[in-house]
Amino acid sequence: MANDLLKGKRGIIFGALNDMSIAWKVAERAHEEGAQFVLSNAPVALRLGEINVLAEKCGAEVIGADATSSEDLDALVEKSMDQLGGKIDFVLHSIGMSPNVRKGKHYTDVNYDWYHKTMDISAISLHRTIRALLEKDAMSEWGSIVALTYIAAQRVFPDYNDMADAKSLLESITRSFGYHMGERKKVRVNTISQSPTMTTAGSGVKGFDEFVSYADAMSPLGNANALACADYCISMFSDLTRYVTMQNLFHDGGFSNTGVSMKVIEKFAK
Ligand SMILES: NC(=O)c1ccc[n+]([C@@H]2O[C@H](COP(=O)([O-])OP(=O)(O)OC[C@H]3O[C@@H](n4cnc5c(N)ncnc54)[C@H](O)[C@@H]3O)[C@@H](O)[C@H]2O)c1
């Protein structure tokens with residue numbers, strides 16, 4: 001279902017690792033809606049090569065950037081404007097990684113070097129990206145920047161570990177930088193807080209399968225999948241949402257406002 005919602009728009013999409021990635025679906029949908037964009041990921045992810053399949057399908061250039069390197073991000077922003085022939089209308093930040101989660105370190109016993117890495121990759125990278133865009137005056141007026149987050153920023157999900165702290169920081173950067181980008185550039189910045197979704201990053205969290213089933217049973221509409229998340233991102237990049245900024249937008253089938261559901265209560269029936 002394409003409606004030319006992004007016709008004539010130029011974007012940068014971070015984080016398409018494989019066809020399960022939320023960013024992959026966003027790229028496919030953005031292409032269907034008429035956008036032109038650059039795909040970016042960490043050099044180590046590009047070496048896996050899967051992104052080239054997506055790039056070919058979408059007619060997109062792939063430009064590597066480690067999101068913890070301001071140098072890489074500055075170069076990415078410049079190259080993207082050259083490649084796309086003008087300023088950027090939308091950016092998707094779909095980047096997350098915690099060495100503590102990956103290596104099974106408990107939250108109460110985190111390795112602090114890794115904790116710094118979690119913050120740098122999963123949250124401060126948004127600050128670095130927006131700063132690069134601001135310093136290069138790379139965003140069009142009424143442009144839109146979206147980052148993906150998770151409700152562990154507000155409520156405790158014990159196995160989400162230090163990613164919960166990273167998501168809190170990510171959402172705070174969204175508000176703080178969103179203010180300045182709105183005032184100076186008329187650009188909006190938001191996070192979308194997505195249901196648990198089966199992807200490489202998602203399935204790294206301990207007990208993820210059970211957790212997906214729990215969230216599904218707790219959500220009146222059920223879990224939102226990656227494609228539905230992509231649809232929401234497209235609406236946030238479109239001109240239909242021009243006055244939405246500095247928000248954390250739940251895209252979770254109603255999970256965030258449900259205290260308990262009958263499906264979950266029934267599991268405790270004696
Ligand atoms: N899957 C879920 O359940 C879920 C739920 C809510 C939010 N999210 C968020 O959605 C976003 C995308 O995750 P996903 O689930 O599609 O998984 P994914 O593993 O497909 O995507 C994560 C991406 O981050 C990239 N990345 C890691 N380190 C990087 C670096 N240094 N520089 C640049 N890129 C780097 C990876 O290469 C990968 O492409 C993440 O922010 C994640 O936290 C996921």
Side-chain angles (χ1 to χ4, degrees), residues 12-28 39-51 54 62-73 76 91-99 101-102 114 116-126 128-129 132 146-155 157 159-171 173-174 191-209 211-216 219 223-230 232-233 248-253 255-256:
I12 301 176
I13 297 179
F14 288 94
L17 182 65
N18 53 40
D19 63 5
M20 292 191 302
S21 299
I22 298 169
W24 190 286
K25 310 280 183 218
V26 175
E28 289 179 329
L39 294 167
S40 186
N41 211 326
V44 57
L46 297 189
R47 282 201 280 280
L48 300 175
E50 289 191 52
I51 199 170
L54 179 66
V62 178
I63 302 176
D66 178 344
T68 64
S69 158
S70 293
E71 252 179 35
D72 281 14
L73 292 169
L76 168 68
V91 176
L92 177 73
H93 176 288
S94 184
I95 300 172
M97 208 283 279
S98 157
V101 168
R102 253 203 202 170
W114 296 346
H116 274 123
K117 263 206 158 321
T118 303
M119 297 304 137
D120 209 9
I121 294 172
S122 311
I124 299 169
S125 57
L126 178 65
R128 287 184 199 275
T129 301
V146 169
L148 297 179
T149 187
Y150 184 55
I151 193 176
Q154 287 80 30
R155 314 253 171 93
F157 294 84
D159 285 330
Y160 204 64
N161 208 318
D162 58 349
M163 277 301 288
D165 302 342
K167 291 304 192 192
S168 300
L169 179 57
L170 183 80
E171 292 176 21
I173 291 169
T174 297
T191 46
I192 291 178
S193 186
Q194 163 67 5
S195 292
T197 313
M198 275 300 174
T199 61
T200 306
S203 47
V205 177
K206 209 168 103 205
F208 194 69
D209 286 4
F211 184 62
V212 168
S213 308
Y214 168 73
D216 197 48
S219 309
N223 286 336
N225 64 25
L227 181 57
C229 184
Y232 196 22
C233 291
N248 179 40
L249 305 162
F250 286 103
H251 183 257
D252 64 357
F255 178 89
S256 47

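Read the numbers this way: they start at 1 and go in the same order the structure lists the ligands and their atoms.
- Nearest-heavy-atom check against atom 15 (O) of ligand 1 across L48, T199, L170 picks out T199.
- Every atom of ligand 1 with a heavy atom of A65 under 4.0 Å away is listed here by number and element: 32 (N), 33 (C).
- Of the possible donor and acceptor atoms, one in the side chain of S195 sits under 3.5 Å from a partner among the backbone N and O of A224.
- Classification of the Y150-F157 ring pair by plane angle, with boundaries at 30° and 60°, yields tilted.
- Shortest contact from atom 1 (N) of ligand 1 to any protein heavy atom: T197 O, 2.9 Å.
- Here atom 40 (C) of ligand 1 lies nearest to K167 when heavy atoms of M163, K117, K167, H251 are compared.
- Distance alone, capped at 3.5 Å, is enough to place a donor-acceptor pair between the D216 side chain and the N223 backbone.
- Between S21 and ligand 1, at least one pair of N/O atoms sits closer than 3.5 Å.
- The heavy atom nearest to atom 4 (C) of ligand 1, considering only A201, A153, S195, is found in S195.
- Aromatic ring orientation, F255 versus Y214: perpendicular (interplanar angle above 60°, classes split at 30° and 60°).
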Exercise. What's the verdict on side-chain hydrogen bond (donor to acceptor under 3.5 Å, both in side chains) for T200 and N18, showing C-alpha distance, side-chain angles and the deciding distance?
Worked result: CA-CA 8 Å; T200 306; N18 53 40; 2.9 Å; yes
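- For ligand 1, the polar-atom distance check against A45 finds no nitrogen or oxygen pair separated by under 3.5 Å.
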